[in-house]
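Before any comments, here is the structure.
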Amino acid sequence: RSFSNSQKPGLSNLETDPNFAEKKINIERTVLSSYVSSDSVGTFLDFGAGYGEWSLFFHKMFKKVIAYEQSATMYDIFLKKVTDNSIKNVEIIKKDVSKVESIDSFSVALLSGILIYLPDTDVENILRLLFRASNSRSIIVLRDATGVSGDYAIDGKFSEALQQNYHAFYRSREHYIEIFKANGFDLLTDQDMFDEDSELNKWQETRLRIYKFSARVNANE
């Protein structure tokens with residue numbers, strides 16, 4: 001698959017080289033597909049949906065997809081994709097994920113590239129919200145950059161990809177596991193997205209990682 005200009009995968013993935021962007025997304029599709037169960041038939045939640053890459057990739061596996069995206073530009077492009085392709089089971093909500101107050105039960109919730117922009121208090125609120133709506137079969141898949149040697153913060157560094165100052169908080173693997181466990185979700189498996197020697201690992205301080213968490217058995221049935 002090649003990317004059109006309107007999709008701008010580099011912006012949502014912080015990857016400006018189109019060849020790297022395509023290689024990156026193909027690897028991620030393979031890895032994420034192994035984390036999203038093929039027998040999931042319920043609702044897929046996409047928190048921080050961007051241009052809809054993951055919602056549209058997985059939508060045929062689920063009865064319903066509910067995607068949250070606060071950027072008006074990304075929302076409009078995502079909505080156009082859904083409309084142009086007459087996709088009926090994808091609902092897009094233009095909303096800050098930290099402001100979501102209620103959700104219905106779900107099979108899989110994807111938190112993709114969003115938690116690095118939120119403080120622990122907002123992350124905890126989102127996880128508590130997800131736990132209240134989960135059952136013992138609910139899964140959270142977290143796709144986010146992770147601090148290699150502990151928590152790592154960027155506070156106002158200029159980003160060439162975004163052409164603006166960049167703020168992000170990269171939690172360590174242990175920090176992610178701890179905060180999820182404290183709010184009702186246990187780690188099932190996790191890994192780096194790319195091999196250690198991959199050219200897609202651009203930063204010494206962080207690695208893109210994927211985690212799969214399950215709701216504890218005392219979740220709602």
Side-chain angles (χ1 to χ4, degrees), residues 28-29 31-50 53-55 57-59 61-70 91 93 95-148 150-153 168-193 206-221:
E28 290 196 42
R29 284 176 174 175
V31 175
L32 269 170
S33 293
S34 71
Y35 274 64
V36 175
S37 175
S38 61
D39 61 0
S40 297
V41 294
T43 297
F44 180 84
L45 301 179
D46 190 353
F47 276 36
E53 179 67 44
W54 300 119
S55 287
F57 183 67
F58 287 117
H59 83 95
M61 290 172 51
F62 295 88
K63 182 177 180 181
K64 186 174 185 179
V65 172
I66 301 176
Y68 297 89
E69 176 52 52
Q70 68 171 335
E91 177 184 359
I93 299 173
K95 195 176 187 70
D96 181 340
V97 296
S98 67
K99 307 299 183 186
V100 178
E101 296 179 348
S102 65
I103 55 175
D104 295 328
S105 61
F106 66 94
S107 298
V108 176
L110 175 64
L111 305 177
S112 176
I114 193 70
L115 298 192
I116 61 172
Y117 304 114
L118 301 175
D120 277 2
T121 51
D122 284 346
V123 174
E124 290 167 350
N125 288 337
I126 290 171
L127 293 178
R128 283 194 286 265
L129 176 71
L130 288 168
F131 185 76
R132 290 195 296 270
S134 68
N135 56 56
S136 59
R137 296 172 298 282
S138 297
I139 295 296
I140 294 181
V141 176
L142 170 66
R143 170 201 169 275
D144 227 330
T146 300
V148 172
D151 293 345
Y152 176 72
F169 179 51
Y170 302 94
R171 294 171 180 84
S172 67
R173 175 181 182 270
E174 292 73 22
H175 192 156
Y176 273 129
I177 294 171
E178 179 182 357
I179 198 169
F180 272 75
K181 184 174 183 179
N183 289 282
F185 295 93
D186 296 320
L187 181 69
L188 294 177
T189 187
D190 66 310
Q191 67 183 80
D192 286 345
M193 187 68 76
T206 64
R207 290 288 184 271
L208 182 61
R209 287 183 63 80
I210 182 168
Y211 306 77
K212 185 175 185 179
F213 296 91
S214 65
R216 227 162 269 144
V217 292
N218 62 346
N220 297 322
E221 294 294 344

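Taking both residues in full, the closest heavy atoms of F106 and L130 are given as CE2-O, 3.3 Å, listed atom of the first, atom of the second, then distance. Residues S98 and L118 share a closest heavy-atom pair of CB-CD2, 4.3 Å. Closest non-hydrogen pair, F47 versus I126, comes out as CE2-CG2, 3.8 Å. Between T146 and S172, the closest heavy-atom pair is CG2-C, 3.6 Å. In terms of heavy atoms, A145 sits closest to I116 at O-CG2, 3.7 Å. Of all non-hydrogen atoms in V108 and V141, the two that sit nearest each other are CG1-CG2, 4.2 Å.
Contact check for H175 versus F169: side-chain heavy atoms found under the 4.5 Å cut-off. Side-chain atoms of I140 and L111, non-hydrogen and from C-beta on, do get closer than 4.5 Å to each other. Counting heavy atoms from C-beta outward, L188 and I139 have side chains that approach closer than 4.5 Å. Taking 4.5 Å as the limit, every side-chain heavy atom of M193 sits out of range of all side-chain heavy atoms of R207. Counting heavy atoms from C-beta outward, Y152 and T206 have side chains that approach closer than 4.5 Å.
Side-chain contact of S214 with D186: a donor-acceptor pair under 3.5 Å is absent, judged by distance alone. Looking only at atom types and distance, the side chain of Y68 has no donor-acceptor partner in the side chain of E91 under 3.5 Å away. Under the 3.5 Å distance criterion, with hydrogens and angles disregarded, no donor-acceptor pair is assigned to the side chains of T189 and Y211.
A salt bridge is defined here as a Lys NZ or Arg NE, NH1 or NH2 lying under 4.0 Å from an Asp or Glu carboxylate O, and K95 with E69 fails to meet this definition.
To the nearest 0.5 Å, the span separating OG on S112 from CD on E28 amounts to 7.0 Å. One finds the CZ atom of F185 at 7.0 Å from the OG atom of S138 (value rounded to the nearest 0.5 Å). Separating the CD atom in E53 from the CG atom in D46 is a distance of 10.5 Å, to the nearest 0.5 Å. Within the model, atoms CZ of F57 and NE2 of H59 stand 11.0 Å from one another, a figure rounded to the nearest 0.5 Å. Atoms OG and CZ, from S136 and R216 in turn, are 13.0 Å apart once rounded to the nearest 0.5 Å. Expressed to the nearest 0.5 Å, how far OH of Y176 lies from CG of D151 amounts to 9.0 Å.
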*Would you please test D104 and T43 for side-chain contact (heavy atoms from CB on, under 4.5 Å) and show each step?*
CA-CA 9 Å; D104 295 328; T43 297; over 6 Å; no

*Evaluate the side-chain contact (heavy atoms from CB on, under 4.5 Å) criterion for residues I103 and L129: first the C-alpha distance (whole Å), next the side-chain angles of each, then the deciding distance (0.1 Å), finally the verdict.*
CA-CA 7 Å; I103 55 175; L129 176 71; 4.0 Å; yes

_Please evaluate residues L32 and W54 with respect to the criterion side-chain contact (heavy atoms from CB on, under 4.5 Å), reporting the C-alpha separation (whole Å), side-chain torsions for both, the decisive distance (0.1 Å), and the verdict._
CA-CA 9 Å; L32 269 170; W54 300 119; 3.4 Å; yes

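Scanning for salt bridge (charged side-chain N to carboxylate O under 4.0 Å, His left out) contacts around D190 gives R173, R209, with sequence neighbours left out. Contacts of D120 classified as salt bridge (charged side-chain N to carboxylate O under 4.0 Å, His left out), with partners at least two apart in sequence or in another chain: R171.
Just one residue in the list I210, L142, L110 forms a side chain to side chain contact (heavy atoms under 4.5 Å, CB included) with Y35, and that residue is I210.
Counting only distance, with no hydrogens or angles, the side chain of D144 and the backbone of L115 share a donor-acceptor pair below 3.5 Å. With N183 contributing its side chain and I179 its backbone, the two residues share a donor-acceptor pair below 3.5 Å.
Aromatic pair F62/F44: ring centres closer than 6.0 Å.
Within a 6.0 Å radius of CD in Q191, other residues, nucleotides and ligands contribute more than 12 heavy atoms.
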